[in-house]
Amino acid sequence: MSDYQDLFPTRLERKLGMFERIDPVVYGDESQLANGPLDRSQIEEYERKGFLSFEGFYDADDMQVFLQELREYEDDADLKLSEGTILEPGREEIRTIFGIHDVSKRFQRLTRDPRLLAMVKQLLGSDVYIHQSRINYKPGFKGKGFEWHSDFETWHSEDGMPRMRALSCSIVLTDNGEFNGPLMLIPGSHRYFIPCVGRTPEDNYKESLKSQDVGVPPASSLRELMLENDIEAPKGPAGSLVIFECNTMHGSNINMSCWPRSNLFFVYNSVENTLHDPYCGNRPRPEFLANRSDWEPLEPIEE
């Protein structure tokens with residue numbers, strides 16, 4: 001059990017109501033905010049909604065080299081046997097590859113893209129490191145969805161992330177449309193922390209990464225957030241980008257179409273928000289889920 005005060009109690013035996021956020025959404029002083037690539041209206045939108053979307057942030061043609069590398073991974077038997085590779089329940093098809101920036105030099109360089117890092121540092125108000133990276137696959141007709149959840153709830157409980165000072169960058173590698181299971185987010189949900197019910201089993205990740213039961217917020221809280229704020233699903237061509245705050249509630253549907261969907265996720269955490277012992281009392285999750293070995297600030301790499 002972590003010796004640090006738990007400001008976000010969750011995974012309890014009884015249901016608790018959601019409570020208002022106590023952490024800033026955007027960090028840094030006015031001079032820091034004014035000197036970054038995001039303008040005032042974008043910062044205010046991120047603060048209000050908990051996410052920003054950029055259609056065609058990268059050129060779609062530039063994504064082809066990443067897709068080709070991923071196609072090669074689909075035939076890599078050793079990679080499929082890796083603990084960081086999660087297969088679809090009951091199938092031999094890849095659902096998620098974690099630690100993709102450690103698997104591939106090309107993806108590692110992308111985590112240090114100067115344009116990405118500049119926006120991330122502007123919003124988090126500090127240097128950052130990679131907490132987690134992953135690629136989520138959804139093959140046509142077969143790709144399963146992901147339950148509604150707050151990443152921070154899991155990272156806090158199971159990884160010991162103390163405060164809400166992290167964000168995810170989701171890069172669209174294949175076109176995301178309304179029928180192939182795009183990322184869905186609840187605007188404004190990041191302003192509330194929703195405790196989840198149920199103690200966390202040891203090694204819970206082995207099941208939760210395939211089908212999540214623990215760490216799913218109650219339907220009553222989700223209903224309240226949705227009725228107040230609705231749901232948005234940023235869509236766009238390959239190369240589009242979504243930046244979302246660590247506590248923004250999100251999920252996705254199954255892929256009902258013939259068009260595959262692959263999205264890349266880089267999770268950046270502030271170097272001032274490094275991990276403690278897991279607050280749920282379990283032993284830490286593996287390194288591919290929660291980086292505990294390298295908290296050095298990332299430096300940009302020009303392509």
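All values reported here derive from a predicted model rather than from experimental measurement. Quick note: numbers below take in every heavy atom, side chains included, and nothing from hydrogens, waters or symmetry partners.
In this structure, Glu72 CD and Ser104 OG are separated by 10.0 Å, a value rounded to the nearest 0.5 Å. Put simply, CG on Leu87 and OG1 on Thr85 are 7.0 Å apart, with the number rounded to the nearest 0.5 Å. With rounding to the nearest 0.5 Å, the separation of CD1 in Ile97 from OG in Ser82 is 8.5 Å. Between the CG atom of Leu185 and the CZ atom of Phe244 there is a distance of 6.5 Å, given to the nearest 0.5 Å. From Asn273, atom CG reaches atom CG of Asp23 across 8.0 Å, with rounding to the nearest 0.5 Å. Rounding to the nearest 0.5 Å gives a distance of 6.0 Å between CG of Leu241 and CG of Leu116.
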query = Can Leu67 and Thr174 be said to form a side-chain contact (heavy atoms from CB on, under 4.5 Å), step by step?
reply = CA-CA 8 Å; Leu67 277 174; Thr174 56; 3.7 Å; yes
inquiry  = Quick one, Glu299 with Arg112, criterion salt bridge (charged side-chain N to carboxylate O under 4.0 Å, His left out). Give me CA distance, side-chain angles, the key distance, then yes/no.
reply    = CA-CA 6 Å; Glu299 295 296 334; Arg112 296 170 179 260; over 6 Å; no
ask   = Where do Ser293 and Glu287 land on the side chain to side chain donor-acceptor pair (under 3.5 Å) test, with the steps shown first?
value = CA-CA 8 Å; Ser293 64; Glu287 187 79 13; 2.6 Å; yes
ask   = Should Gln108 and Val103 be marked as a side-chain contact (heavy atoms from CB on, under 4.5 Å) after you check the CA-CA gap, both sets of side-chain angles, and the distance that decides it?
value = CA-CA 8 Å; Gln108 185 181 78; Val103 173; over 6 Å; no
ask   = Given the rule in the side-chain contact (heavy atoms from CB on, under 4.5 Å) test, do Asn255 and Trp259 qualify, once you have shown the distances and angles that lead to the verdict?
value = CA-CA 8 Å; Asn255 186 351; Trp259 300 288; 5.7 Å; no
inquiry  = side chain to side chain donor-acceptor pair (under 3.5 Å) for Thr200 and Asn282? Distances and angles first, verdict last.
reply    = CA-CA 8 Å; Thr200 309; Asn282 294 350; 5.0 Å; no
message = Walk me through whether Arg163 and Glu272 qualify under salt bridge (charged side-chain N to carboxylate O under 4.0 Å, His left out).
response = CA-CA 10 Å; Arg163 307 300 290 264; Glu272 299 173 18; over 6 Å; no
Worked verdict on Val267 versus Ile130 for side-chain contact (heavy atoms from CB on, under 4.5 Å) = CA-CA 6 Å; Val267 180; Ile130 289 290; 5.9 Å; no
task = Might you work through the side chain to side chain donor-acceptor pair (under 3.5 Å) test for Ser240 and Glu55, ending with a clear yes or no?
result = CA-CA 4 Å; Ser240 298; Glu55 187 170 322; 5.7 Å; no
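Arg21 has its side chain within reach of Glu245: a pair of non-hydrogen atoms, C-beta onward, lies under 4.5 Å apart. Within the 4.5 Å cutoff, side-chain heavy atoms of Phe265 are placed close to those of Arg134. When side chains are defined from C-beta on, Ile135 counts as touching Ser262, because their heavy atoms get closer than 4.5 Å. Ile22 has its side chain within reach of Leu7: a pair of non-hydrogen atoms, C-beta onward, lies under 4.5 Å apart. Residues Leu225 and Met18 have side chains in contact (heavy-atom distance under 4.5 Å, counting atoms from C-beta outward). Residues Thr154 and Arg11 have side chains in contact (heavy-atom distance under 4.5 Å, counting atoms from C-beta outward). Looking at heavy atoms from C-beta onward, Leu110 lies in side-chain contact with Phe266 at the 4.5 angstrom threshold. In this structure the side chain of Leu298 never reaches within 4.5 angstrom of the side chain of Asp127, judged on heavy atoms.
Looking only at distances, a side-chain donor or acceptor of Gln122 sits under 3.5 Å from a matching main-chain atom of Leu38. Formation of a donor-acceptor pair under 3.5 Å by the Lys80 side chain with backbone atoms of Asp75 is not found in this model. Of the possible donor and acceptor atoms, none in the side chain of Arg261 sits under 3.5 Å from a partner among the backbone N and O of Leu173.
Under the 4.5 Å side-chain contact rule for hydrophobic residues, Leu167 and Leu275 do not share a cluster. In terms of hydrophobic clustering, with Ile, Leu, Val, Met, Phe, Trp and Tyr side chains grouped at heavy-atom distances under 4.5 Å, Val197 and Val216 are assigned to different clusters. Val172 and Ile94 are members of different hydrophobic clusters when ILVMFWY side chains are connected at heavy-atom separations under 4.5 Å. By the rule that hydrophobic residues join a cluster once side-chain heavy atoms approach within less than 4.5 Å of another member, Leu33 and Leu52 end up as members of one cluster. Leu81 and Tyr137 are assigned to two separate hydrophobic clusters, defined by single-linkage of ILVMFWY side chains at heavy-atom distances under 4.5 Å.
Atom CD of Glu296 has 12 or fewer neighbouring heavy atoms from other residues, nucleotides or ligands inside a 6.0 Å radius. Atom OH of Tyr73 is surrounded by more than 12 heavy atoms from other residues, nucleotides or ligands within 6.0 Å.
Ring centroid separation for the pair Trp155 and His131 comes in under the 6.0 Å cut-off. Taking the centre of each ring, Phe51 and Tyr46 stay at or above the 6.0 Å mark. Between Phe8 and Phe152, the distance from one ring center to the other falls under 6.0 angstrom.
Both tests pass for Arg165 against the ring of Tyr27: distance under 6.0 Å to the centre and angle within 45° of the axis. Arg115 forms a cation-pi arrangement with Tyr58, by the criterion of a distance under 6.0 Å to the ring centre and an angle within 45° of the ring axis.
Taking all atoms of both residues into account, the shortest heavy-atom contact from Arg106 to Phe66 is CG-CE2, 3.2 Å. Here the closest heavy-atom approach between residue Met63 and residue Ala238 is recorded as CG-C, 4.2 Å. A pairwise comparison of heavy atoms in Pro217 and Trp148 identifies CD-O, 3.2 Å as the closest pair. Summarising the geometry of Met184 relative to Ser252, their closest heavy-atom pair is CE-CA, 4.0 Å, with the distance given to 0.1 Å. Considering every non-hydrogen atom in both Glu232 and Pro187, the closest pair reads OE2-CG, 3.6 Å. Of all non-hydrogen atoms in Cys246 and Ser150, the two that sit nearest each other are O-OG, 3.8 Å.
Between Ser270 and Ser126, the side chains place a donor N or O and an acceptor N or O closer than 3.5 Å (distance only, hydrogens not considered). Under 3.5 Å, the side chains of Asn176 and Asn263 contain a donor-acceptor pair of N or O atoms. For the residue pair Asn269/Tyr129, the side-chain donor-acceptor check at 3.5 Å is satisfied. For the residue pair Gln42 and Arg40, no side-chain donor N or O sits within less than 3.5 Å of a side-chain acceptor on the partner.
Under the 4.0 Å criterion applied to side-chain N and carboxylate O atoms, Glu178 and Lys235 are not assigned as salt-bridge partners.
In this structure, Glu20 has no salt bridge (charged side-chain N to carboxylate O under 4.0 Å, His left out) partners at least two apart in sequence or on a different chain.
Ring-plane geometry between His156 and Phe193 is classed as perpendicular, the angle between the planes exceeding 60 degrees on a 0 to 90 degree scale with a lower cut at 30.
Among residues at least two apart or in separate chains, there is no side-chain hydrogen bond (donor to acceptor under 3.5 Å, both in side chains) pair with a member in residues 179-198.
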